[in-house]
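Input: a single structure, listed below in structure tokens.
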Amino acid sequence: MKNFIITMFAAAAVTVQAQAVTKFDHTEAKEDRTAMIGATAYSTDFIAVDPAKSYRVKGTFNNPGEVEVNLLFGVATYGKDQKMIDVLAVSPVKGTETVLTADVSPEDDTILVKDASAWQAKGISKVVFGAKPDMSDLPNFQLSISGIKGIEKQGDAWAIKFEGAVGRDYAKGTAVRQHFDGNTFIYSVNKQLPPNSGWQTFEGILQPVSADDFSPFNAKYMRRGTALVKIIATSIPGNKVEFKDITFEEIK
């Protein structure tokens, strides 16, 4: 599988040598190419990155089927501990910071907060605990286990109702914030591949962590806390896509 080369050049803040990706999960080798077996293929090996730098991800793809495919190509992000940085951990709704007005137990399905007037009762969202106004808590993995079901003003407080148990144990006065769900990975490339369209090369640019862009559908910026990445390629609706010549390099 010599075609799948991940290239990165060493920089002052990052010591990463050129490395080859010898395996992509959920794939099968075919001479000079690899084909997805499932809906998503991702490199097995981690690549160390500096979230303050920019990178280019590039690859060549072919849709050999008879149905148009939506190709999503980019990276999955991880912390130093190799824990994936889920989008919910880094997608706060600015202006929703408030505090608990009562203790919370794991079995509770409702929490009471001081002010939820800026909270949004739409989409898929959760609550993070231990929130900080300057966002220095991100990525914050102290998420409610269940998603938010409703928001209601109750006297001097606001009730945040969940689909199930909160799953967390926190005391009155703990700072909380609303976070939205979004893209599982950072999709730097989002292209439609017509059937039997032949090999096409695409590339995307990953920019340093943004100071003020917290969109759950971010496709341009490294996620906060990123130290490692894996290359990913997803096809929708899950049809087989072939790929080769995958590269990842720092932009100097």
Side-chain angles (χ1 to χ4, degrees), residues 6 8 11 13-17 19 21-27 38-55 57 72-93 97 104 106 124-132 134-148 162-170 174-188 204 206-211 213-234 246 248 250:
I6 299 299
M8 185 174 292
V14 187
T15 304
V16 182
Q17 298 178 345
Q19 54 189 288
V21 174
T22 58
K23 180 182 179 181
F24 278 81
D25 294 327
H26 306 302
T27 60
T40 300
Y42 53 95
S43 58
T44 302
D45 298 326
F46 289 106
I47 305 168
V49 296
D50 181 344
K53 296 184 180 296
S54 295
Y55 297 89
V57 60
L72 302 174
F73 176 49
V75 299
T77 54
Y78 302 80
K80 293 180 180 179
D81 57 359
Q82 299 185 4
K83 180 176 182 178
M84 182 179 287
I85 300 175
D86 184 87
V87 63
L88 273 161
V90 292
S91 58
V93 181
E97 294 81 8
V104 176
I124 301 175
S125 67
K126 292 187 176 184
V127 172
V128 299
F129 298 86
K132 296 181 179 179
D134 63 358
M135 305 296 180
S136 61
D137 58 299
L138 302 180
N140 189 329
F141 298 103
Q142 298 305 305
L143 291 151
S144 58
I145 301 303
S146 300
I148 295 174
F162 296 85
E163 298 287 351
V166 175
R168 297 292 181 183
D169 188 357
Y170 282 96
T174 299
V176 297
R177 184 174 56 227
Q178 184 180 27
H179 280 215
F180 268 108
D181 199 3
N183 290 340
T184 303
F185 307 119
I186 299 178
Y187 302 120
S188 302
L206 286 166
Q207 299 177 34
V209 172
S210 171
D213 189 323
F214 301 102
S215 169
F217 301 102
N218 158 51
K220 298 190 299 183
Y221 304 107
M222 282 286 188
R223 290 178 178 171
R224 292 190 179 210
T226 300
L228 305 165
V229 299
K230 287 188 176 184
I231 308 301
I232 64 94
T234 296
I246 306 297
F248 186 83
E250 178 188 332

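When reading the values below, keep in mind they use all heavy atoms of this one structure, side chains included, and skip hydrogens, waters and symmetry mates. Remember, it's a predicted structure, so these values are computed and weren't measured experimentally.
- To the nearest 0.5 Å, the span separating OG1 on Thr77 from OH on Tyr221 amounts to 16.0 Å.
- Summarising the geometry, atom CD1 belonging to Ile246 is positioned 9.5 Å from atom OG belonging to Ser43; distances are rounded to the nearest 0.5 Å.
- Atoms CG and NZ, from Asp86 and Lys126 in turn, are 7.5 Å apart once rounded to the nearest 0.5 Å.
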Derivation and outcome, side chain to side chain contact (heavy atoms under 4.5 Å, CB included), residues Phe73 and Ile231: CA-CA 8 Å; Phe73 176 49; Ile231 308 301; 3.6 Å; yes
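- Here the shortest heavy-atom pairing between Val93 and Phe180 reads CG2-CD1, 3.2 Å.
- Just one residue in the list Gln142, Arg177, Arg224 forms a side-chain hydrogen bond (donor to acceptor under 3.5 Å, both in side chains) with Asp137, and that residue is Arg177.
- Remark: side-chain polar atoms of Thr234 are not paired, donor with acceptor, to backbone N or O of Thr40 under 3.5 angstrom.
- The number of heavy atoms from other shown groups lying within 6.0 Å of CD1 (Ile124) does not exceed 12.
- Between Pro208 and Ala52 the shortest heavy-atom distance is CG-O, 3.3 Å.
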His179/Leu138 under side chain to side chain contact (heavy atoms under 4.5 Å, CB included): CA gap, chis, key distance, verdict: CA-CA 11 Å; His179 280 215; Leu138 302 180; 3.6 Å; yes
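- Phe217 has its side chain within reach of Asn183: a pair of non-hydrogen atoms, C-beta onward, lies under 4.5 Å apart.
- Contact check for Glu97 versus Met135: side-chain heavy atoms found under the 4.5 Å cut-off.
- Taken to the nearest 0.5 Å, the CD1 atom of Ile148 stands 4.5 Å off from the CD atom of Gln178.
- For the pair Leu72/Phe185, no side-chain contact is recorded, criterion being any heavy-atom separation below 4.5 Å from C-beta on.
- By the 4.5 Å heavy-atom criterion applied to side chains, Val209 and Thr226 are not counted as neighbours.
- Using a 4.0 Å cut-off between charged side-chain N and carboxylate O, Lys220 and Asp213 make no salt bridge.
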Side chain to side chain contact (heavy atoms under 4.5 Å, CB included) between Val166 and Phe129, worked out: CA-CA 11 Å; Val166 175; Phe129 298 86; 3.9 Å; yes
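- Here the shortest heavy-atom pairing between Pro106 and Ala165 reads O-CB, 3.4 Å.
- In this structure, Phe141 and Met84 approach most closely via the heavy-atom pair CE2-O, 3.7 Å.
- Residues Ser91 and Ser215 are not in side-chain contact: their nearest non-hydrogen atoms beyond the backbone lie 4.5 Å or more apart.
- Judged purely by atom type and a 3.5 angstrom limit, Tyr170 has no side-chain atom pairing as donor or acceptor with the backbone of Ala175.
- A 4.5 Å side-chain heavy-atom check between Arg223 and Val87 finds at least one atom pair inside the cut-off.
- A 4.5 Å side-chain heavy-atom check between Ser188 and Leu206 finds at least one atom pair inside the cut-off.
- Atom CE of Met222 and atom CD1 of Ile85 lie 10.0 Å apart (nearest 0.5 Å).
- In this structure, Val75 and Val229 approach most closely via the heavy-atom pair CB-CB, 4.1 Å.
- Interatomic distance, Leu228 CG to Asp45 CG, rounded to the nearest 0.5 Å: 11.5 Å.
- Within the 4.5 Å cutoff, the side chain of Phe162 has no heavy atoms near those of the Ile145 side chain.
- Note: Tyr78 and Phe46 have perpendicular aromatic rings, judged against thresholds of 30 and 60 degrees for the angle between ring planes.
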